[in-house]
Amino acid sequence: MASEGKGLYPIGDVEKKTGLSARQIRYYESMGLISPARTSGGQRRYTDGDILRLIRIKQMKDSGFDLKSIKEKIQIFERNLQELSVDDISSERAVLSSLFPVSNRAVLMKLLEKK
DNA sequence: TTTCTTACA
DNA sequence: TGTAAGGA
């Protein structure tokens, strides 16, 4: 990739890593699903977390969910994630890096639970 | 060359 | 969602 190892990637790298078009990535940002950083020149810079988030969005999109549903799910997921105690999960990274793992099905259900 | 915004034969 | 235009 153009910026391997830095931890921040331009949109071209994100297209390759997520399989989403730059058009879609920018559109999702306008819809409030992601908030990438900007360089002084105005170019977007995505973190690994942003990319993981986009991959989850793509999976839900491919599963037939509309953007509205996806946005709600992610907001619920992340709001609940902040409220989870260390008793439920080993670490936040473990959850973020695992795209709906079967081994953590119970925790996943808890994260997606509507409050 | 890559990315950005705006706009739609 | 894709793509063209025009600038950075």
Side-chain angles (χ1 to χ4, degrees):
Chain A
M1 298 298 173
S3 44
E4 200 57 73
K6 296 198 322 57
L8 288 179
Y9 316 84
I11 200 163
D13 284 2
V14 182
E15 288 190 276
K16 298 170 187 169
K17 288 174 176 294
T18 67
L20 290 167
S21 66
R23 176 76 163 81
Q24 291 176 300
I25 296 169
R26 297 191 186 104
Y27 178 60
Y28 296 161
E29 179 184 350
S30 74
M31 291 291 95
L33 277 64
I34 50 174
S35 302
R38 294 277 187 151
T39 64
S40 54
Q43 295 195 344
R44 275 164 271 247
R45 286 294 119 91
Y46 300 82
T47 63
D48 293 303
D50 290 327
I51 293 174
L52 224 41
R53 196 190 174 84
L54 285 168
I55 288 174
R56 276 197 271 110
I57 292 173
K58 175 176 169 55
Q59 295 185 322
M60 291 185 75
K61 163 192 162 52
D62 292 343
S63 295
F65 290 93
D66 54 48
L67 251 50
K68 179 244 300 167
S69 300
I70 294 175
K71 184 175 183 179
E72 293 179 343
K73 277 301 183 197
I74 289 181
Q75 294 183 321
I76 292 171
F77 181 91
E78 291 179 342
R79 174 158 54 69
N80 289 348
L81 182 60
Q82 290 186 29
E83 299 173 357
L84 278 182
S85 67
V86 292
D87 296 324
D88 298 314
I89 54 176
S90 54
S91 69
E92 178 177 321
R93 171 166 168 45
V95 174
L96 291 177
S97 62
S98 56
L99 305 175
F100 302 169
V102 180
S103 58
N104 287 317
R105 179 73 68 202
V107 174
L108 173 62
M109 289 301 103
K110 210 166 183 178
L111 290 170
L112 297 178
E113 182 180 311
K114 185 85 174 186
K115 287 189 177 178

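Every chain is numbered from 1 and lettered A, B, ... according to where its sequence line falls, protein lines coming before strand lines.
- Listed here is the closest heavy atom pair of A/Leu20 and A/Leu54: CD1-O, 3.8 Å.
- Judged as a salt bridge (Lys or Arg N to Asp or Glu O under 4.0 Å), and not counting sequence neighbours, A/Glu15 has no contacts.
- Here the closest non-hydrogen pair linking A/Pro36 and A/Asp50 is CA-OD2, 4.0 Å.
- If you run side chain to side chain contact (heavy atoms under 4.5 Å, CB included) between A/Thr18 and each of A/Ile57, A/Asp13, A/Ile51, only A/Ile51 comes through.
- Within the 4.5 Å cutoff, side-chain heavy atoms of A/Ile11 are placed close to those of A/Arg26.
- Pairs of Watson-Crick or G-U wobble type, with distances under 3.5 Å, assemble into runs of 3 or more in DNA chain B at these ranges: B:4-8 with C:2-6.
- With sequence neighbours excluded, the residues satisfying salt bridge (Lys or Arg N to Asp or Glu O under 4.0 Å) with A/Lys58 are A/Asp62.
- Listed by chain and residue number, A/Glu29 satisfy the salt bridge (Lys or Arg N to Asp or Glu O under 4.0 Å) test with A/Arg44 (two or more places apart in sequence, or in another chain).
- Using a 4.5 Å cut-off on side-chain heavy atoms (C-beta onward), A/Tyr28 and A/Lys61 make contact.
- Residues from residues 29-37 of chain A placing a heavy atom under 4.0 Å of any atom in DNA chain B do not occur.
- The cationic atom of A/Arg56 (NZ for Lys, CZ for Arg) lies less than 6.0 Å from the six-membered ring centre of A/Phe77 and within 45° of the ring axis.
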| task | Any chance you could list the contact pattern along nucleotides 2-9 of chain B? Use B for base contacts, S for sugar-phosphate-only contacts and - for none, protein heavy atoms under 4.0 Å, 5' to 3'. | result | -SSB----
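- Note that A/Lys73 lies outside the cation-pi zone of A/Phe65, set by a 6.0 Å cut-off to the ring centre and a 45° limit from the axis.
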